[in-house]
Number of protein chains: 2
Amino acid sequence: MRQKRTTIIDLAKACNVSKTTISFAFNNPERIGKETYDLIMQKAKELDYIPNPAGRNFSLKRKQTIGFLLPQQFEGTFSNPYITQVIQGIGDICTEKDYTLTLIPPFNDNMNDAVYKVSVDGLITMGINVEMDIVESLKRMFIPFVTIDGHPGEDTPSINIDNKAASYDLMKEVLENGHRNIAIVALKESEYEKSMRFESTTQIRLSGFEKALNEYGISLSDPNINIYDEECFIEAGMNVAKQIVKTNKDATCIVCMSDVIAIGCITYLKQNSYKIPQDFSVVGFDNIKTSTIVTPNLTTIMQASIEKGEIAAKTLFDLIDKNEIATIHKILPHRLIKRDSLKKIN
Amino acid sequence: MRQKRTTIIDLAKACNVSKTTISFAFNNPERIGKETYDLIMQKAKELDYIPNPAGRNFSLKRKQTIGFLLPQQFEGTFSNPYITQVIQGIGDICTEKDYTLTLIPPFNDNMNDAVYKVSVDGLITMGINVEMDIVESLKRMFIPFVTIDGHPGEDTPSINIDNKAASYDLMKEVLENGHRNIAIVALKESEYEKSMRFESTTQIRLSGFEKALNEYGISLSDPNINIYDEECFIEAGMNVAKQIVKTNKDATCIVCMSDVIAIGCITYLKQNSYKIPQDFSVVGFDNIKTSTIVTPNLTTIMQASIEKGEIAAKTLFDLIDKNEIATIHKILPHRLIKRDSLKKIN
DNA sequence: ACGCTATAGTAAACCGGTTTTGTAAACCGG
DNA sequence: CCGGTTTACAAAACCGGTTTACTATAGCGT
């Protein structure tokens, strides 16, 4: 049977003082006499007393914790370096501020309810938009939150890149390199996401692709442009590559909305003796570290993932500390990174 | 100014009942009359009342949260897929049990103090051993914990692989392939770790290497065996490879205690026009996903990282639920995975 | 009509702290 | 020596819930 740790009352009794005095000893030492203070500290050491943070935080009406609402189950989240880097950025700021970071699972479709069962001072979310129930719910519960890669509405902070411009840049590069038969691998959306009238990141990026294609007189619905939907796993990327070589052999370039998928593609293609970029060019999105490790190195769009997390966390702490509503809509820079996985043809 | 959310008292007043009744309505509906119940639920909806989890958990003397004590700063943790997979495993079990997972930064050298400022029902730690102060501290505070990759003492659960056997297997494979001039890249230990009399994972693995070497009549201190210490980053791996080609050109194989380092080595070597495994063989440890993505694929020791996290979490929940001390010392299987980064020579 | 048992609700204690308010004794200047 | 100010501590309220113990009323069988 586990023992109970010493409480403030235990210590107060041991010292023959009130619990007020104990509390002052730990938080306002100047308010009590030196001898009493010394006695309390000595007895505290003897009895292993450390103020219970749960009681303390409850009393202070804070949690000293912010939450990160996972955009998907743990597997998808933790196998995607882009997301783990975002978490790293958040975590670094939390460490600085002496807060802890709680990971909150996505709770499938009824996110709304379950979020309330966890207690945090604020929340960082990814990929949600203003139409989702959770936005309204969080506001109703007065839970401050900031959103990365999403559009939670005018009055709620968000951190994004210019996804349309970024995907335009990527597709333009592909087109400039002469590719005209292109497989696009989009990020699969849930039925829930699809039901939104609001444009998802996938749709925005598609529109960026479209803009570039249009400049070359090509429509998104052109028979030479094929769009696939895939989850964001290595294996999913391998899978879509398999499909592409089976059904769409004339494609010269595979444009992926995520490096993870792109790397999955490359891995599958190389395993099946295709040469990259000779047989297929492949480009990605995010510039995760692995994109410099695969052979060939991946042409991709860099976005500052750690910084995204850091800024999101800082913004959230502003919200929490100032106790007021900030409406920052930050657009971080992106950059096309040209490497070796995109071949110039014709 | 942020509003306050509705409390149980607010709702009680609105319904003209006591807060006991409200509490029963949410937790023991059968104890109150149907009409009262309906009224409460209706008013609760009107006023957006949801029981405050902080108050609830405090009252129930639980936190509904377990902590993961990061083995190093966020950067090192989140750039190492082995660790993120462990976290994934822990997270999956937390999700099942409706707990959340809190990431606790390592607090540098005075881990002991800071751990108490976070409130969790239990803790999962990595790489600590029985001599570290934190073990004693956690016990004194009656915080249940289980340790992954460490030896926290007889009476505290641990999850490990047989590191000596695993490293023996790895080195034996290297030797069987004819390598005799070997660079070993060990995981760098802090001064604090070095001060322990207890063997660290690094030292245990070194002893496994030694055993294999001895079978070939080679001592660890042989001039052809060179040991390097490195942090566990890609860049650190690149760095050590640079050192090795500069000062130890005769080495034919680089044996790394982590895939991350091995991949860093390969990346550097390839960037500098060395051929792997023709110029250098490289082997790693952990079997992270990227080890199948680099070219050549990495020969390594597989250990079930996700499963480690899962088992650790399950064990911890047993401790928490049963409220008693379990002393499970689990040794999970490992496996040598032969791939293409190790060349047979002579 | 009586006593017994359910039923439906309330009051109060409790979880472990913080903080406001109160108060006795010491101190102080004139 | 008196009135006012400090000093050093304590009492009590509070944070938002749960739970134990208690009470009033209704329903029941006999």
Side-chain angles (χ1 to χ4, degrees), chain A residues 2-41 43-44 47-65 116-121 141-143, chain B residues 2-41 43-44 47-65 116-121 141-143:
Chain A
R2 227 162 33 232
Q3 304 281 315
K4 240 189 46 154
R5 58 193 268 180
T6 307
T7 71
I8 199 171
I9 293 286
D10 300 331
L11 183 58
K13 280 181 188 154
C15 297
N16 275 314
V17 298
S18 72
K19 62 177 185 169
T20 309
T21 306
I22 305 291
S23 179
F24 282 148
F26 280 86
N27 302 305
N28 277 64
E30 68 279 6
R31 284 214 38 182
I32 61 177
K34 170 126 182 42
E35 286 172 27
T36 317
Y37 178 83
D38 289 341
L39 172 68
I40 289 173
M41 286 305 150
K43 287 275 180 194
L47 299 178
D48 287 323
Y49 173 73
I50 291 178
N52 181 322
R56 180 153 215 272
N57 287 334
F58 178 60
S59 174
L60 293 171
K61 290 194 269 194
R62 67 177 190 197
K63 288 92 193 178
Q64 206 67 359
T65 294
Y116 311 127
K117 289 198 297 202
V118 351
S119 65
V120 293
D121 295 311
M141 288 300 124
F142 312 108
I143 298 175
Chain B
R2 231 168 22 238
Q3 303 282 314
K4 241 189 47 152
R5 57 194 266 181
T6 307
T7 71
I8 200 172
I9 294 284
D10 299 332
L11 183 57
K13 280 181 188 154
C15 298
N16 276 314
V17 297
S18 72
K19 63 176 184 170
T20 308
T21 306
I22 305 291
S23 180
F24 282 149
F26 280 86
N27 302 304
N28 277 65
E30 67 278 8
R31 283 217 39 182
I32 61 176
K34 170 123 183 45
E35 286 171 29
T36 317
Y37 177 84
D38 290 342
L39 172 67
I40 289 173
M41 287 305 150
K43 287 276 181 193
L47 299 177
D48 287 324
Y49 173 73
I50 290 178
N52 181 324
R56 180 153 214 271
N57 287 334
F58 179 60
S59 173
L60 293 171
K61 289 195 272 193
R62 68 177 189 195
K63 288 93 192 176
Q64 207 68 358
T65 294
Y116 311 128
K117 290 198 296 201
V118 353
S119 64
V120 294
D121 295 311
M141 288 299 124
F142 311 107
I143 299 176

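Values below: all heavy atoms of this structure, side chains included; hydrogens, waters and symmetry mates excluded. In what follows, chains carry the letters A, B, and so on, assigned in the order in which the sequence lines appear, proteins first and then strands, with residues in each chain numbered from 1.
Residue contacts for A/Y49: at a heavy-atom cut-off of 4.0 Å it reaches the sugar-phosphate backbone alone, with no base atom in range. Looking at heavy-atom distances under 4.0 Å, B/S23 makes contact with a base.
Between the CZ atom in B/R62 and the CG atom in B/N57 there is a gap of 5.0 Å [rounded to 0.5 Å]. One distance of note links OG1 of B/T36 with CG of B/N16; it measures 11.0 Å at 0.5 Å rounding.
With 3.5 Å as the limit, one finds a donor-acceptor pair spanning the side chains of A/T21 and A/S18.
Other residues, nucleotides and ligands place more than 12 heavy atoms under 6.0 Å from the CZ atom of A/F26.
In this structure, B/I9 places its CD1 atom 11 Å from C1' of D/dC14, rounding to the nearest Å. Going from atom NZ of B/K4 over to atom P of D/dC15 covers 6 Å, rounded to whole Å. Between B/L39 atom CG and C/dA8 atom P there is a gap of 15 Å when expressed in whole angstrom units. Per the geometry, CD1 belonging to B/I8 stands 15 Å off P belonging to C/dG9, to the nearest Å. We find that NZ of A/K63 is positioned 10 Å from C1' of D/dG16, with the value rounded to whole Å. Nucleotide D/dC15 holds its P atom 15 Å from the CZ atom of B/R5, rounded to whole Å. If you take CD of A/Q64 and C1' of D/dC15, they are 16 Å apart, rounded to a whole angstrom.
Formation of a donor-acceptor pair under 3.5 Å by the B/R56 side chain with backbone atoms of A/K117 is not found in this model.
Five base pairs at each end of the helix from C/dA1-D/dT30 to C/dG30-D/dC1 define two local axes, and these are offset by 40° (rounded to 10°).
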Contact state string [nucleotides 4-13 of chain D, B base, S sugar-phosphate only, - no protein heavy atom under 4.0 Å]: ----SBBBB-
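Side chains of B/I50 and B/R5 form a contact here, defined as non-hydrogen atoms less than 4.5 Å apart.
When every heavy atom of A/V118 is checked against every heavy atom of B/P53, the shortest pair comes out as O-CG, 3.8 Å. Nearest heavy-atom pair, B/A25 versus B/Y37, reported as atom, atom and distance to 0.1 Å: O-CE1, 3.3 Å. Closest non-hydrogen pair, A/K63 versus B/A54, comes out as CE-CB, 3.9 Å.
Of the residues in residues 52-62 of chain A, A/N52, A/G55, A/R56, A/F58, A/S59, A/L60 come within less than 4.0 Å of DNA chain C through at least one heavy atom, sorted by number.
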